[in-house]
Amino acid sequence: QVQLVESGGGLVQPGGSLRLSCVASGVIFRSYHMGWYRQAPGKQREFIATIGSGGTTNYAHSVKGRFTISRDNAKNMVYLQMNSLKPEDTAVYSCTAFLSSAENYWGQGTQVTVSS
């Protein structure tokens with residue numbers, strides 16, 4: 001079965017940095033587009049960033065210039081480097097792999113808490 005497992009979340013102070021990782025199994029990784037979403041308490045799941053199978057990236061306006069998505073096809077991994085973190089970045093961050101809206105998979109999520 002397809003499995004996505006995130007790691008790297010934790011507690012950081014405002015202005016700090018974290019690097020999230022997601023490893024995929026059960027898929028032909030290089031064929032899939034990859035992305036990161038987040039969901040804060042009381043809010044809907046929010047798009048953060050995607051990276052296409054060809055390397056094209058897209059970012060939400062709220063994180064552009066602070067977050068960077070990347071992938072390593074040889075390791076079946078996708079990363080999210082998060083800099084200049086703000087309290088409003090606090091959320092559960094989830095990794096997704098997709099070919100289209102008709103075929104997509106999700107990880108279990110990792111908690112990121114930004115607090116002083």
Side-chain angles (χ1 to χ4, degrees):
Q1 66 174 351
V2 176
Q3 187 173 27
L4 304 175
V5 180
E6 302 96 335
S7 62
L11 174 65
V12 296
Q13 293 183 263
S17 298
L18 281 176
R19 190 194 196 200
L20 305 183
S21 299
C22 173
V23 61
S25 61
V27 299
I28 303 175
F29 185 80
R30 64 182 179 180
S31 298
Y32 281 76
H33 311 298
M34 302 295 297
W36 289 94
Y37 287 69
R38 69 188 182 190
Q39 187 167 25
K43 300 181 68 176
Q44 293 185 329
R45 187 168 59 193
E46 176 188 15
F47 160 76
I48 298 300
T50 56
I51 182 165
S53 59
T56 300
T57 59
N58 287 285
Y59 296 91
H61 183 266
S62 61
V63 305
K64 191 173 184 179
R66 299 189 298 122
F67 292 9
T68 302
I69 188 171
S70 61
R71 66 191 294 162
D72 186 338
N73 290 341
K75 297 180 179 179
N76 282 16
M77 296 193 75
V78 63
Y79 308 95
L80 186 68
Q81 178 66 47
M82 305 186 294
N83 299 326
S84 302
L85 284 162
K86 306 173 181 179
E88 53 262 45
D89 294 320
T90 296
V92 174
Y93 285 71
S94 298
C95 174
T96 183
F98 61 99
L99 294 176
S100 68
S101 60
E103 184 173 351
N104 65 287
Y105 305 94
W106 294 90
Q108 83 291 341
T110 186
Q111 177 70 48
V112 172
T113 302
V114 185
S115 177
S116 59

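Remember, predicted model here, so these are calculated numbers, not experimental data.
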Note to self: With a 3.5 Å distance limit and no angle check, can you tell me whether Thr90 reaches the backbone of Val114 through a side-chain donor-acceptor pair?
What the structure shows: yes
Next item on the list: Please report the C-alpha distance between Leu20 and Tyr79 in whole Å, then the side-chain angles of each, then the deciding distance to 0.1 Å, and finally whether the side-chain contact (heavy atoms from CB on, under 4.5 Å) criterion is met.
Entry: CA-CA 6 Å; Leu20 305 183; Tyr79 308 95; over 6 Å; no
Margin query: When you measure from the side chain of Arg71 to the backbone of Phe29, do you find a donor-acceptor pair of N or O atoms at a distance under 3.5 Å?
Written below: yes
Next item on the list: Answer whether the closest heavy-atom distance between the side chains of Lys75 and Ser21 falls below 4.5 Å.
Entry: no
Note to self: Using side-chain heavy atoms (C-beta onward) and a distance below 4.5 Å, is Val78 in contact with Ile51?
What the structure shows: yes
Check: With side chains defined as the heavy atoms from C-beta onward, is the minimum distance between Arg30 and Ser53 less than 4.5 Å?
Finding: no
Check: Is it true that a side-chain atom of Glu6 and a backbone atom of Cys95 form a donor plus acceptor pair closer than 3.5 Å?
Finding: yes
Item checked: Closest approach of Gly109 to Ser94 (non-hydrogen atoms, all atoms of both residues) -> CA-OG, 3.6 Å
Item checked: Close side-chain approach of Leu99 and Tyr32, heavy atoms under 4.5 Å -> yes
Item checked: Nearest-0.5 Å distance, CZ of residue Phe67 to CG of residue Leu80 -> 6.0 Å
Next item on the list: Indicate the atoms forming the closest heavy-atom contact of Gln111 with Thr113, along with that distance.
Entry: NE2-OG1, 3.4 Å
Note to self: To check you understand the geometry: which heavy-atom pair defines the closest contact between Met34 and Leu4, and what is its length?
What the structure shows: CE-CD2, 4.5 Å
Margin query: Test side-chain contact (heavy atoms from CB on, under 4.5 Å) on Leu18 and Leu85; report intermediate values, then the result.
Written below: CA-CA 8 Å; Leu18 281 176; Leu85 284 162; 4.3 Å; yes
Item checked: CD1-CD1 distance between Ile69 and Ile48, expressed to the nearest 0.5 angstrom -> 10.0 Å
Notebook entry, point to check: Do Arg66 side-chain atoms and Ser84 backbone N/O form a donor-acceptor pair below 3.5 Å?
Noted result: yes
Check: Can Thr50 and Tyr59 be said to form a side-chain contact (heavy atoms from CB on, under 4.5 Å), step by step?
Finding: CA-CA 7 Å; Thr50 56; Tyr59 296 91; over 6 Å; no
Check: For His33 and Gly52, which heavy atoms make the closest approach, and how far apart are they?
Finding: ND1-CA, 3.3 Å
Next item on the list: Mark yes or no for whether Thr96, through its side chain, and Trp106, through its backbone, hold a donor-acceptor pair below 3.5 Å.
Entry: no
Notebook entry, point to check: Does some side-chain heavy atom of Ser115 sit less than 4.5 Å from a side-chain heavy atom of Pro87?
Noted result: no
Next item on the list: Measure the acute angle between the ring planes of Tyr37 and Phe47, then classify it against the limits of 30° and 60° as parallel, tilted or perpendicular.
Entry: perpendicular
Checklist line | Over 12 foreign heavy atoms within 6.0 Å of CD, Glu88 | finding: yes
Notebook entry, point to check: Can you check whether Tyr105 reaches Gln3 side chain to side chain, under 4.5 Å on heavy atoms?
Noted result: no
Next item on the list: Check the surroundings of atom CD in Gln44: do more than 12 heavy atoms from other residues, nucleotides or ligands lie under 6.0 Å from it?
Entry: no
Checklist line | Verdict with reasoning, Ser70 to Met77, per side-chain contact (heavy atoms from CB on, under 4.5 Å) | finding: CA-CA 9 Å; Ser70 61; Met77 296 193 75; over 6 Å; no
Checklist line | Heavy-atom side-chain proximity of Arg38 to Val63 below 4.5 angstrom | finding: yes
